[in-house]
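Below is one structure, written out as structure tokens; comments come after it.
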Amino acid sequence: MNAGAVMVKAEAVRKSYGRFEALRGVDIEVARGEVVVIVGASGSGKSTLLRCINHLEKIDGGLLWVNGELVGYQQKGDKLYELNDRNIARHRESIGVVFQHFNLFLNMTALENVMAGPLQVKKEKRDSARASAVQLLERVGLKDKADAYPAQLSGGQQQRVAIARALAMQPKLMLFDEPTSALDPELVKDVLDVMRDLAQQGMTMIVVTHEMGFAREVADRVVFMDEGAIVESGSAAEVISKPKHARTKAFMSKIL
Amino acid sequence: MNAQPGTHEEGGERVRAIPARHPGRWVATIVAAFVTILVVIGFATNKNIHWRVVGHYFSDNAILHGVVETLVLTALAMAIGVVLGIVLAVMRLSPVPLVSSVAWVYIWVFRGTPVLVQLLFWGAIALFTGQHPAVGLPLTHIVFFHVTINTYIGLFTAAVLGFGLNEAAYMAEIVRAGILSVGEGQTEAAQSIGMTRLQALRFVVLPQAMRVIIPPTGNETISMLKLTSVASVIAIPELLNVTETIGERTFQIIPLLMVASIWYLMMTSVLTVGQFYVERHYARSALRVLPPTPIQRFRALLSRNMLRARPEPPMFPLGREHR
């Protein structure tokens with residue numbers, strides 16, 4: 001496939017947990033530099049889709065490409081060969097993930113969290129890793145918290161460190177899994193500001209969120225998911241303000 | 001307590017709060033002090049202890065060698081226990097069924113039989129394998145090499161192996177509990193920045209598991225230090241063996257047992273202090289403020305008592321709500 005303009009491509013992706021079908025054939029294409037916001041009720045498959053894109057979950061059917069490479073598999077002729085741990089890890093380097101519950105490494109300071117990837121995965125020199133980590137912390141407004149442990153930071157600060165940690169690997173794609181859902185309301189803005197900056201700098205982003213204001217302002221496209229499938233997709237104005245589908249209408253009327 | 005408007009002055013006058021009385025605590029204190037004095041006098045005046053003999057043998061060369069032997073045996077056994085324990089814990093969590101089964105069976109055997117039995121087995125290993133056991137492929141005639149088991153050198157090695165392999169089974173369960181105590185999110189985050197499962201274990205999961213692993217490991221070390229006394233049954237010259245020998249030779253059994261007890265107490269005390277500081281080090285990831293060290297606590301106590309004889313009872317502003 002042509003990797004030039006397309007960052008993520010999913011074809012009929014399916015995923016089940018036991019009998020529960022989390023994804024029932026999802027097709028989606030995300031262009032390079034595009035910001036896609038996925039909305040939907042809990043259990044609609046939004047998070048599962050993100051986790052599949054990063055191969056934290058193995059898909060049960062369909063095909064999934066990131067940056068022109070199949071996720072978790074290698075195609076030779078008409079056969080797909082599952083990749084080993086090392087190759088999957090190499091693929092993940094170019095995909096940054098920001099989790100709902102931050103998942104900062106609790107045994108490391110903020111600075112060490114940001115340095116961990118460059119040091120252990122990219123085998124960078126300590127000095128240069130430290131210099132770029134300090135820069136990244138400055139970018140998310142937390143330079144003065146470099147030596148704080150996660151337990152000493154507020155949720156909003158932790159999430160911004162988590163974003164810096166993901167950016168330290170110089171990802172081509174950033175996935176955000178409800179990045180503000182676990183935050184106190186007054187801390188949400190700082191995190192969204194950082195994400196908005198990132199979008200303006202041309203980062204390709206897939207964001208699962210309930211922040212409709214952010215979606216209206218930043219999203220190139222809003223995708224509504226329900227029961228493991230994409231129901232409706234279009235500009236923020238179309239999907240949020242004038243939804244066509246009955247299920248989208250019902251969802252929007254509840255949260256707006 | 002209510003401030004009555006009208007009967008008191010207007011506004012936030014202050015009222016002294018009186019701490020509750022605890023007569024029961026005074027009774028308990030007196031009883032405990034009485035028992036303590038009895039025990040101390042009993043030990044100090046007991047003629048059978050022969051404190052001068054205790055003092056004489058306390059730093060005896062043979063005893064000191066026994067102390068060193070005990071420490072070396074403890075250190076080696078714990079080293080084997082910790083390293084093999086980590087390997088076994090990781091094996092038990094392996095997705096490969098045979099690998100986790102092997103670890104399970106190992107733990108089952110070594111935890112399920114008394115360490116004394118294992119020690120006697122290792123001590124008599126030559127009877128089990130023969131003097132020159134062959135290493136090769138079983139059920140074939142292929143032999144790589146023959147080993148010579150020297151019964152004398154074998155004894156110390158036997159003790160180290162006996163204690164170490166037994167300890168590994170216990171350490172494996174401790175390490176496994178530690179690994180399981182670290183949330184799956186930490187591994188996922190590590191993988192999301194491109195770490196392999198092994199890297200995630202090494203740099204993220206194990207350092208955090210240490211907080212759960214360290215306290216029981218400290219207890220295991222202290223237990224091991226005392227458990228090494230069992231090695232006297234296979235004639236290892238450790239502390240208890242040496243003191244017993246001297247005691248029987250000089251008919252001073254009780255004084256020499258006192259010597260051994262005091263040495264064991266001193267060694268376990270040092271280990272306990274070490275354990276406190278190691279635990280404190282690994283608590284960083286979970287606590288916002290570290291608990292004070294005993295020295296810090298002592299200093300705080302001193303400075304408080306220097307400034308004023310008794311802590312001041314708290315003062316509550318009252319009557320403000322009636323304005």
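In what follows, chains carry the letters A, B, and so on, assigned in the order in which the sequence lines appear, proteins first and then strands, with residues in each chain numbered from 1.
- For chain B, the nearby part of A:Phe99 is the side chain; its heavy atoms alone come within less than 4.5 Å.
- Remark: B:Leu198 CG is loosely packed, at most 12 non-hydrogen atoms of other residues, nucleotides or ligands lying under 6.0 Å away.
- The heavy-atom pair separating B:Ala189 from A:Phe105 by the smallest distance is CB-CE2, 3.9 Å.
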If you apply the rule side chain to side chain contact (heavy atoms under 4.5 Å, CB included), what do you find for B:Glu188 with A:Arg51, and how did you get there? CA-CA 10 Å; B:Glu188 285 187 354; A:Arg51 294 170 64 81; 2.5 Å; yes
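- Only the side chain of A:Leu56 has a heavy atom closer than 4.5 Å to any heavy atom of chain B.
- In this structure, CZ in B:Phe203 is found 9.0 Å from CG in A:Leu119, a value given to the nearest 0.5 Å.
- Looking at A:Asn54, its side chain never comes within 3.5 Å of a backbone N or O of B:Gln191 through a donor-acceptor pair.
- Note that OG1 of B:Thr196 and CD1 of A:Ile88 are 11.0 Å apart. Values are rounded to the nearest 0.5 Å.
- Atom NZ of A:Lys122 is surrounded by more than 12 heavy atoms from other residues, nucleotides or ligands within 6.0 Å.
- Looking at A:Arg165, the atoms closer than 4.5 Å to chain B (heavy atoms on both sides) sit in the backbone and in the side chain alike.
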Verdict with supporting geometry, A:Leu106 and B:Gln186, side chain to side chain contact (heavy atoms under 4.5 Å, CB included): CA-CA 8 Å; A:Leu106 301 177; B:Gln186 293 285 313; 3.8 Å; yes
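- Checked by atom type and distance alone, the side chain of A:Asn103 pairs as donor or acceptor with a backbone atom of B:Gly185 at under 3.5 Å.
- Counting heavy-atom neighbours within 6.0 Å of A:Arg196 CZ, excluding the residue itself, gives a total above 12.
- Between A:Val121 and B:Ile193 the shortest heavy-atom distance is CG2-O, 3.6 Å.
- The closest side-chain heavy-atom distance from A:Gln120 to B:Arg202 is not below 4.5 Å.
- Residues of residues 166-179 of chain A placed with any heavy atom under 4.5 Å of a heavy atom in chain B are listed by number as A:Met169.
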